[in-house]
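Each chain gets a letter, A, B and so on, in the order its sequence line appears, and its residues count up from 1. Note that the structure is predicted; figures quoted are calculated from it, not measured.
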Amino acid sequence: MAQKPSIPKGTRDFTPTEMNRRNYIFDTIKAVFRKYGYSPIETPAMENLSTLLGKYGEEGDKLLFKILNSGDYLSKISDEELAGKDSNQLSTRISEKGLRYDLTVPFARFVVQHRNQLTFPFKRFQIQNVWRADRPQKGRYREFFQCDVDVIGSNSLLNELELVQIIDEVFSLLSLKVVTKINNRKILSGIAEIIGQAEKIVDITVAIDKLEKIGLEGVNKELTEKEIPKEAIDKLQPIIKLAGNNTEKLATLKEVIADSEIGLKGIAEMEQIFKYLQQVDVACEVELDLTLARGLNYYTGAIFEVKSKDAEMGSICGGGRYDDLTGIFGMPDVSGVGISFGADRIYDVIEQLKLFPEKAIAGTQLLFVNFGEKEEAYCLPLLEKVRKAGISSEIYPDSAKMKKQMGYADSNHIPFVAIAGASEMEAGKITLKNMESGEQEMVVVEEMIEKFSR
RNA sequence: GUGAUUGUAGCUCAGUUGGUUAGAGCGCUGGAUUGUGGUUCCAGAGGUCGUGGGUUCGACCCCCAUCAUUCACCCCA
């Protein structure tokens, strides 16, 4: 046998069953997006590296898939450069395109480029795959789908509310119990300010984010390693350990960071969001979580993360507000807020919990058995009629043995089989067999179609 | 990038202290049943044991290298 074929690490093929289930997820997400007034866009799989580089931090740059220039890409490189073996230096010379890493940055690029054609606030959704040169592991792929919703060009916190409503609706439609965690970058900045470590904000938030994983001691250890002074760490303790319900948490926080203007602003924002939430009907848990600190450099306000309550999995949806994302592309002072549903992780969770509905795998409803030339000629017009009536149907392409044809219907979960041989042809009818019950009866086409339309 | 794990039939996996011809279940093909599937019975096809070296009279098994896999860390959907 020839060598076994394979696909790149962290990528996947999708079988028909998997595709039907994935589409079930995409369709429900899409429907909700549309319902809230968002319009679809798409952007290319590849972007210029200049638009991608530097947007995701140092780590992010490493995880970008780069595309080699076409043609003789080494021709313009000098021998000295080659001999230098500086991969980073060289890569910018031989590669100027890369696969998109997320949908947010391409969206920002899109907005800047098409600003004249857009009406703000602009609400868009985008469902496409993204690529990261990460090491794959559980719930982590190198090619995966994100389902983004963003609204750009509006500072209103109504948008944050709307996103929570969308989260709530999507996951309740998918029958998943989730908790939505909210934090605010301004509060985090305020905290860093109060303890006099404003410039260490990223280190601090990254460390605090690991509370659940490595515990209080671990967090403190990491803070020490990041050269945060002991007094500052001591000051942080009540904040890391903050407990109570959302309003209680906000109240304590307010006292602790009373001297930080930006911190108070963040608290005011959170209070407003929670106030909005009381005015609408949101079923899922919404929880203020200070340990939530997405690493993305561009969030400036609210930060969101959604986790399944019943499955062990990283976040299945995340996002936040970014005040100046388009600034890097020369369009300052445009604020946006958005979230991204991780379709592949959502799939894994639903699969794990066995919550895929049967109808998510609906395919062919009716199979015509093929007995030979004469019978084919008899069935073809009938098949046409059935299809015109909107019933997914097919005829077995060869006059194979009954056993084979029935087996085909069976393994494809086709619920009904139409059999037409000499006696049926004579009577101008078809035998319709119910594959589940085994019952069968001779009927005319119209009767058969009638049965399906019920 | 760091640390582990596993690699045997299409799939999931057995395989004794190193010993002759490497097994099972599922799936597949054919038959029992040439107009009746999902159940049952019978038969059959299918493997350079990831790859390359080494040790040995002899290697699926031991050693080294390499590639691939999965999991964790970093980071993240």
Base [N] paired with [X] side chain (donor-acceptor, <3.5 Å):
X        : N     : answer
A/Arg132 : B/C76 : no
A/Asp410 : B/G37 : yes
A/Arg345 : B/C76 : yes
A/Arg140 : B/U70 : no

For a quick check of understanding: with a heavy-atom distance under 4.0 Å over all strands, which category does [X] fall into, base, sugar-phosphate or nothing?
X        : answer
A/Gly60  : nothing
A/Tyr141 : base
A/Gln146 : sugar-phosphate
A/Glu436 : base
A/Lys9   : sugar-phosphate
A/Ser340 : nothing

Contact list for residues 371-380 of chain A, test side chain to side chain donor-acceptor pair (under 3.5 Å), sequence neighbours left out: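 Listed by first then second residue: A/Asn370-A/Glu376.
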Inter-nucleotide [atom1] distance ([N], [M]), Å rounded:
N     : M     : atom1 : result
B/C61 : B/G18 : C1'   : 6 Å
B/G23 : B/G46 : P     : 14 Å
B/G50 : B/U33 : C1'   : 44 Å
B/A45 : B/G30 : P     : 15 Å

Partner residues of A/Tyr347 under the ring pair (Phe, Tyr, Trp, His ring centres under 6.0 Å) criterion, sequence neighbours left out: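 Testing A/Tyr347 for ring pair (Phe, Tyr, Trp, His ring centres under 6.0 Å), a comparison that skips the adjacent residues, returns A/Phe356.
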Residues forming a ring pair (Phe, Tyr, Trp, His ring centres under 6.0 Å) with A/Tyr408, sequence neighbours excluded: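 Result, ring pair (Phe, Tyr, Trp, His ring centres under 6.0 Å) vs A/Tyr408: A/Tyr396.
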Pairwise salt bridge (charged side-chain N to carboxylate O under 4.0 Å, His left out) hits with a residue in residues 318-327 of chain A, at least two apart: A/Glu160-A/Arg321
Residue pairs, two or more places apart or on separate chains, that pass salt bridge (charged side-chain N to carboxylate O under 4.0 Å, His left out) and touch residues 167-182 of chain A: A/Lys35-A/Glu169, A/Lys181-A/Glu212, A/Lys181-A/Asp289
Measure all distances between protein nitrogen or oxygen atoms and nitrogen or oxygen atoms of nucleotides 32-35 of chain B, and list the pairs falling under 3.5 Å.
from: B/G35; atom 1: O6; to: A/Ala422; atom 2: N; distance (Å): 3.1
from: B/G35; atom 1: O6; to: A/Ser423; atom 2: OG; distance (Å): 3.4
from: B/G35; atom 1: O6; to: A/Glu424; atom 2: OE1; distance (Å): 3.2
from: B/G35; atom 1: N1; to: A/Glu424; atom 2: OE1; distance (Å): 3.0
from: B/G35; atom 1: N1; to: A/Glu424; atom 2: OE2; distance (Å): 3.2
from: B/G35; atom 1: N2; to: A/Glu424; atom 2: OE2; distance (Å): 3.0

Just how far, in rounded Å, is [atom2] of [N] from [atom1] of [X]?
X        : N     : atom1 : atom2 : value
A/Met406 : B/G38 : CE    : C1'   : 10 Å
A/Asp348 : B/U70 : CG    : C1'   : 14 Å
A/Glu312 : B/C71 : CD    : C1'   : 14 Å
A/Lys221 : B/C74 : NZ    : P     : 12 Å

Centroid-centroid distance, A/Phe33 to A/Phe125, less than 6.0 Å: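 Centroid distance A/Phe33-A/Phe125: below 6.0 Å, so yes.
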Proximal nucleotide (of B/G3, B/G37, B/U29) relative to the A/Arg135 side chain: B/G3
Given B/A72, B/A77, B/U36, the nucleotide with the shortest approach to the side chain of A/Lys138: B/A72
Any A/Gln137 side-chain N or O less than 4.0 Å from OP1/OP2 of B/A72: yes
Earlier contact from the 5' end, RNA chain B, for A/Asn434 and A/Gly318: A/Asn434
RNA chain B: 5'-proximal contact among A/Gly342 and A/Gly10 (nearest heavy atom): A/Gly10
Non-neighbouring partners of A/Glu436 that pass salt bridge (Lys or Arg N to Asp or Glu O under 4.0 Å), sequence neighbours left out: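 Partners of A/Glu436 under the salt bridge (Lys or Arg N to Asp or Glu O under 4.0 Å) test: none.
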Ring-face cation contact, A/Phe65 with A/Arg132, 6.0 Å cut, 45° max: no
Runs of at least three Watson-Crick or G-U pairs with RNA chain B, cut-off 3.5 Å: B:1-4 with B:70-73, B:10-13 with B:23-26, B:28-32 with B:40-44, B:50-54 with B:62-66
Chi angles and distances behind the ring-ring contact (aromatic ring centres under 6.0 Å, His included) call for A/Phe145, A/Phe26: CA-CA 10 Å; A/Phe145 269 79; A/Phe26 290 134; 5.2 Å; yes
Sidechain-backbone polar pair: A/Ser154 side chain, A/Ile152 backbone, donor-acceptor under 3.5 Å: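 No: the side chain of A/Ser154 does not pair with the backbone of A/Ile152.
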Listed partners of A/Lys9 passing side chain to side chain contact (heavy atoms under 4.5 Å, CB included), at least two apart: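 By the side chain to side chain contact (heavy atoms under 4.5 Å, CB included) rule, A/Lys9 matches A/Pro136, A/Arg142.
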Verify stack between A/Phe144 ring and B/A77 base, 5.5 Å, 30 degrees: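 Yes, aromatic ring over the base.
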